[in-house]
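Below, read A as the first sequence line, B as the second, and so on, with proteins coming before strands; counting in each chain starts at 1.
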Number of protein chains: 2
Amino acid sequence: MDNYPELVPTSEESSLLATVLGDRATGSSLVARIADWIGRAIVEGRLRPGDDLNSVDLSKRFQSSRTPVREALMLLEREGLVEITPRRRPRVALFTLKEVREIYQLRAALYALASELIVGHASDDGIASLWRCYETLDSAAERDDVDGYFWANVAFRDAEMDLCENTQLRRIIDSLRLRTMQLRHFSLSLPRRLERSNLDHRRLMQAYSDRDAALAAALNRSIVSEALHAIEAAWGQLERGIGHQETAP
Amino acid sequence: MDNYPELVPTSEESSLLATVLGDRATGSSLVARIADWIGRAIVEGRLRPGDDLNSVDLSKRFQSSRTPVREALMLLEREGLVEITPRRRPRVALFTLKEVREIYQLRAALYALASELIVGHASDDGIASLWRCYETLDSAAERDDVDGYFWANVAFRDAEMDLCENTQLRRIIDSLRLRTMQLRHFSLSLPRRLERSNLDHRRLMQAYSDRDAALAAALNRSIVSEALHAIEAAWGQLERGIGHQETAP
DNA sequence: TCCGGCATAAGTGTCGACATTATTAGCTGC
DNA sequence: GCAGCTAATAATGTCGACACTTATGCCGGA
């Protein structure tokens, strides 16, 4: 963590973080840029669970005072990426398997709702644009391109949220999604996960096209459940990979 | 708003706000106390939608500097109680019917999930304690005691969340609940709402006792839907009652 | 060699001040 | 009397400082 931060959003994630960090926060304010940088560092794994986030160092890094840094850290705490205990140094949040299970349970229920909403009031054009997202997904799957598939999947989920037209739902799902980014990327790299996920998404798209709300909801729920199962199965490996700092050398 | 604040939590809401404002925030920190006071003022209607929340006045009121006030306002913004636009005075959040619909849609789905979780892994003792909550609810209903019913209902929902054992779910539901406190109290005062709600809750309890997950989920979903319908029907009246500040004299 | 207690260093929460930006009041012209 | 502009007032975002708390490293004793 010696390199100096570029406070300019570049990657595809910028939009994701922007939604979650509050719609106002996009790029302009200092707090937003700091939160964005730290948040991305966490999601991308440059900062690992348990790492200290002391506001003095960070303020030096960003050449600002501690006030905006503190506010940024509080934002990220609300998103579950950072843990703040009074009078102690903030640190990158640690995962427990229990929390992960809870989050995936929630995501399952919320995506089911999303599917119902989509079938209920998305236009045919909307479904068509979702199909286009799926094409990208599918081609990445055929190339066995995990990174490509991952980002295509993010885009697919975004497109689904657009069709829901429920701002509150979007905010919550985005927040949960953000917290599990690392896990999701990891789980896709497990053997045969990618094919299975792709197949499920194809089934889901078919259900959307057929306007079968119950089936779409059930499929979406199942997609999330399966992802959870994959993560549970690989939890030990994962814990070492993402590396809770305390267990690292 | 001329009376000086008592920064000591007294009412039954204290626990509710505490959960939502972050578990650490309970009572101790200055930020927490300020957020709690402002939050309660909003929920209880002493501060009305659109009211200015300028940090100078508030810091005078709480005899603190603006820093903790700002942090408290940011907390409340995340909970949807306050709107903050850069370089503009924060104000009490305005409702739109669209947002209310979205929130109730979400609550419906989440309570359905909660019911499934409860049936899935609550002990018989847990169900029994839920029955005791229901007794309070029922007796308030028989007395036509809207306030009593309202708070009994809050307690009932709390008890349900306890049984779910899903911290993430609880946090989200509590947050959504907080935002709609005023609406829910109002909707219960509509004619025949109270009886209907009570009846629904009894049916729900029966389903819990029968361990019928699908029925419980459907009933809980329906309870929320009905509340929404009641609110939609009375929206005009409600808007005047709660009073978006701009339309008030 | 390792453990517990103490002094020092580092970090947090809060404060009051400042430059910058919004809002308001007053004034001009129609 | 009212719209449009300008000056003055007020509020914001950020800063650096301070008191107090927590972490760090050092020391003697087993």
Original post:
Roughly how many Å is it from CD in B/Glu77 to P in D/dG13, rounded to a whole number?
Top reply: 11 Å
**OP:** Please name all residues satisfying salt bridge (Lys or Arg N to Asp or Glu O under 4.0 Å) with A/Glu165, sequence neighbours left out, ordered by chain then number.
**Re:** none
**OP:** Starting at atom CD1 of B/Ile34, determine the distance to atom P of C/dT14, rounded to an integer number of angstrom.
**Re:** 8 Å
Subject >> Partners meeting side-chain contact (heavy atoms from CB on, under 4.5 Å) with B/Ser64 (sequence neighbours left out) >> reply: B/Leu30, B/Ile34, B/Ser59, B/Phe62, B/Pro68, B/Val69
**OP:** Have a look at the helix from C/dT1-D/dA30 to C/dC30-D/dG1 and give the angle its two end axes make, five pairs each, rounded to 10 degrees.
**Re:** 10°
Subject >> Between CG on residue B/Leu183 and CD1 on residue B/Ile103, distance to nearest 0.5 Å >> reply: 8.0 Å
Original post:
Whole Å only: how far is the CG atom of A/Leu75 from the P atom of D/dG13?
Top reply: 13 Å
Original post:
Roughly, in whole Å, what's the span from CD1 in B/Ile84 to C1' in D/dT12?
Top reply: 11 Å
Subject >> salt bridge (Lys or Arg N to Asp or Glu O under 4.0 Å) partners for A/Asp162, two or more places apart >> reply: A/Arg170
**OP:** Just jot down the ring-ring contact (aromatic ring centres under 6.0 Å, His included) partners of B/Phe156, sequence neighbours excluded, or say none.
**Re:** B/His201
Original post:
Excluding sequence neighbours, so at least two apart, what forms side chain to side chain donor-acceptor pair (under 3.5 Å) with A/Arg87?
Top reply: none
**OP:** Flag this pair as yes if the NZ/CZ of B/Arg107 is under 6.0 angstrom from the six-membered ring centre of B/Tyr104 and inside a 45 degree cone about the axis; otherwise no.
**Re:** yes
Look for any protein N or O under 3.5 Å of an N or O in nucleotides 16-22 of chain C and output each such pair with its distance, or none.
{"from": "C/dT20", "atom 1": "O2", "to": "B/Arg87", "atom 2": "NH1", "distance (Å)": "3.4"}

Original post:
Whole-Å distance between C/dT12 P and A/Asp57 CG?
Top reply: 9 Å
**OP:** Would you mind reading off the distance between B/Glu71 atom CD and D/dG13 atom P, rounded to a whole angstrom?
**Re:** 13 Å
**OP:** Identify which nucleotide among D/dT14, C/dT14, C/dT12 has an atom closest to any side-chain atom of B/Leu30, counting heavy atoms from C-beta outward.
**Re:** C/dT14
Subject >> Residues forming a side chain to side chain donor-acceptor pair (under 3.5 Å) with A/Gln168, sequence neighbours excluded >> reply: B/Arg179
Subject >> Non-neighbouring partners of A/Asn153 that pass side chain to side chain donor-acceptor pair (under 3.5 Å), sequence neighbours left out >> reply: none
**OP:** Take the protein atom NZ of B/Lys60 and the nucleotide atom C1' of D/dA11, then report the distance between them rounded to whole Å.
**Re:** 11 Å
Subject >> Integer-rounded Å distance: C/dG13 C1' and A/Met74 CE >> reply: 11 Å
